[in-house]
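In what follows, a structure is listed as structure tokens, so that the remarks can point back to it.
Naming: A, B, ... by sequence-line order, numbering from 1 per chain. Quick caveat, the model's predicted, so the values are computed rather than measured.
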Amino acid sequence: MLTEFGGILAFFIVGAVFTAGGLIAAWLLRPHRPYPQKNSTYECGEEPVGTTRVRFNIRFYVVALIFLVFEVEVLFLFPWALVFKQYGMIAFVEMLVFLGILVVGYAYVWAKGDLEWDKPAPRFGKNAAATVYEEQNETVLG
Amino acid sequence: MTDFIATLLNDPIVTTVLLAFVPLVFILVYALVVLYGEMKMAAHIQNRLAYMENGWHGTLQPFADMLKLLQKEDIIPAAADKFFFMLAPYLVFVGTYASFAVLPFSSGFIGSDIDLGLFYLVAASSLVVVGLLMSGWASNNKWSLFGALRSAAQIVSYEIPGVLAILGVVMVTGTLNMQTMTQMQDGGIQNWLILGGNFPLGQKLALIPVMVLLFVIYLLSSMAEVNRTPFDLPEAESELVQGYNTEYSGMKFAIFYLAEYANLFLVSAVVVVMFFGGWTSPFGSFMSGPVWSAFWFVAKGMFFVFFNVWLRWTLPRLRVDQLMYVSWKVLTPFAMAAIVAVGFIMVM
């Protein structure tokens, strides 16, 4: 018995087979002459410095957390979106309450500044460039 | 022999597998066209020549590129995590290709007509993020890692407004099945959802501004999800070399590239199905039928691909704080407001 999901499985298989086929064809055709310099990590032609597993901005983590909250919420909204017309006003109001709770959390995140990213401070005015130079000179020359 | 072929074609499993190859053929042809077309358009937009050497106006260039990529040596850096390094292209391409299963290419062709349609599409295309993160981490290269992290942060940020926009459309149509969604919009341009769909006049007029808003939100977030300029921070070549696929060469790189182009058509096709009537003809029953509908679907999809390319070569790249600002502080609140508005209109 083949359901419509069998078609989906076929797409997964065809996608994987195509990728494998392409890579195998290339494997048969291409040269293979490795040496240590060629296999070293690319860092603009320089010798690689330090480790790759460096620290990165904590904001990536925060974004992932906020995403998770929203995504789960959307997951709950989809079944509702399909049927809410049949149940009329009551279903709509109930979902407004659900959304309202989420909006409170969203406003909290916004107010706490977790949606802010570091941005370069804008400098305005005619002498903006001159001011930057002077500041630089002061920090460097003391 | 003919008997054998006939029985083979009657077998549901064989036909399913054969049908699953149709979008692949389409993707390959489309990739060649877009590869050439994008470079040519870019050249004309920025007033320079593009391919001119191979064939008439360089028309043979995509084939030459393909041959070159096939023959190119495949370098796996000594520092890389080999297994995940090799697995990443599979995830990226399979995730993209599996999403094509629910695209209604014409009134007579859809890979798999499941009721979960759009929801499945969102889920399957999320596999791409896993593939990108995996490629960046396994490469063990600083450029790749940062490119992958940026890419993941960008895709998940823009997935929220994108999915909320899809939700708004689903509230209007009441179905996730993309074929049914398209059939609802049949009967001419006035029935397309961007023009309020097939509803009574009052509701229709109220829906138009909301649908236009949802369309803009989805278009912007879909552009960010396929990592293209002005949202191409993950592969900002002036800062990150090539982003997550810096260490990839030869056919593996080609797979990433192909998946990117396939993804571009995928999001364009979703825009077309959700707002511009999918495969329906703009003239009602004139120029409809399975073949014409395939033509309309591809033509509309290609228009949005063109639009994407056009923007890519016209606008400069965003800064990362602007990127996050647009997603979290502009598109998400507007998408939520649009959902509430759609709810009101549909319930009233």
Side-chain angles (χ1 to χ4, degrees), chain A residues 2 4-8 10-16 18-20 22-23 25-27 29-34 36 38-44 48 52 54 56 59-60 63-64 66-67 70-71 74 77-78 81-85 88-89 92 95-96 99 103 106 110 115-120, chain B residues 12-13 16-17 19-21 24 70-79 89-90 93-94 97-98 100-101 111-114 119-120 140-142 145-146 149 153 156-157 159-160 163-164 167 170-171 174-176 241 246-247 250-252 254-255 319-321 324 328-329 336 340 343 346-347:
Chain A
L2 194 67
E4 286 291 345
F5 283 94
I8 300 235
F11 270 77
F12 272 92
I13 293 171
V14 168
F18 169 75
T19 317
L23 292 178
W27 176 65
L29 284 171
R30 72 191 175 213
H32 182 63
R33 287 189 269 286
K38 195 191 263 176
N39 285 351
S40 76
T41 303
Y42 176 73
E43 245 165 59
C44 306
T52 309
V54 289
F56 46 82
R59 301 217 170 274
F60 287 114
V63 164
I66 307 174
F67 163 75
F70 270 89
E71 194 75 345
V74 167
L77 281 176
F78 264 98
L82 289 175
V83 293
F84 86 107
K85 273 186 269 184
M89 208 59 188
F92 179 56
M95 197 39 81
L96 277 188
L99 263 181
V103 167
Y106 178 60
W110 189 322
L115 300 179
E116 308 280 344
W117 284 67
D118 308 326
K119 55 177 127 181
Chain B
I13 294 176
T16 311
V17 172
L19 282 183
F21 272 99
L24 184 66
L70 260 177
Q71 294 175 26
K72 219 166 170 195
E73 181 172 358
D74 186 52
I75 301 166
I76 300 178
Y90 285 91
F93 189 77
V94 170
Y97 189 64
F100 273 77
S112 175
D113 193 14
I114 53 170
F119 196 72
Y120 160 80
N140 212 343
N141 176 322
K142 294 178 191 100
L145 180 62
F146 279 102
L149 279 174
V156 300
S157 296
E159 191 151 319
I160 298 300
V163 173
L164 285 176
L167 186 77
V170 170
M171 283 165 74
T175 175
L176 283 165
V241 188
T246 302
E247 290 288 3
M251 203 55 200
K252 290 202 183 81
I255 298 278
R319 233 169 36 218
V320 69
D321 62 293
M324 290 298 166
W328 289 107
K329 295 194 173 177
M336 288 210 265
V340 174
M346 297 317 288
V347 168

Residue [X] versus chain B: region with a heavy atom under 4.5 Å:
X: Phe70(A); result: both
X: Leu77(A); result: both
X: Ile8(A); result: both

Considering all heavy atoms, the nearest [X]-[Y] contact:
X: Phe11(A); Y: Leu19(B); result: CZ-O, 4.4 Å
X: Met171(B); Y: Lys85(A); result: O-CE, 3.4 Å
X: Ala81(A); Y: Leu167(B); result: CB-CD1, 3.8 Å
X: Lys72(B); Y: Arg30(A); result: O-CB, 3.4 Å
X: Tyr97(B); Y: Val14(A); result: CE2-CG1, 3.7 Å

Please look at [X] and chain A and tell me whether the side chain, the backbone, both or neither of the residue comes under 4.5 angstrom of a heavy atom of that chain.
X: Leu149(B); value: both
X: Tyr120(B); value: side chain
X: Lys329(B); value: both
X: Leu70(B); value: both
X: Phe119(B); value: side chain

So, taking the atom named [atom1] in [X] and the one named [atom2] in [Y], what distance separates them when rounded to the nearest 0.5 Å?
X: Leu176(B); Y: Leu82(A); atom1: CG; atom2: CG; answer: 4.5 Å
X: Arg33(A); Y: Glu73(B); atom1: CZ; atom2: CD; answer: 7.0 Å
X: Thr19(A); Y: Lys252(B); atom1: OG1; atom2: NZ; answer: 12.0 Å

> Where does the angle between the aromatic ring planes of Phe93(B) and Phe18(A) fall among parallel (under 30°), tilted (30 to 60°) and perpendicular (over 60°)?
Replying inline: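 Ring orientation of Phe93(B) relative to Phe18(A): tilted.
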> Which of the residues Ala64(A), Ala26(A), Ala16(A) is involved in the greatest number of heavy-atom pairs with chain B at under 4.5 angstrom?
Replying inline: Ala26(A)
> Hey, does Trp27(A) have a side-chain heavy atom less than 4.5 Å from the side chain of Asp74(B)?
Replying inline: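 In short, these two side chains do not touch, never coming nearer than 4.5 Å.
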>> Whether the side chain of Tyr106(A) engages the backbone of Trp328(B) through a donor-acceptor N/O pair (distance < 3.5 Å, no angle test) should be reported.
In response: yes
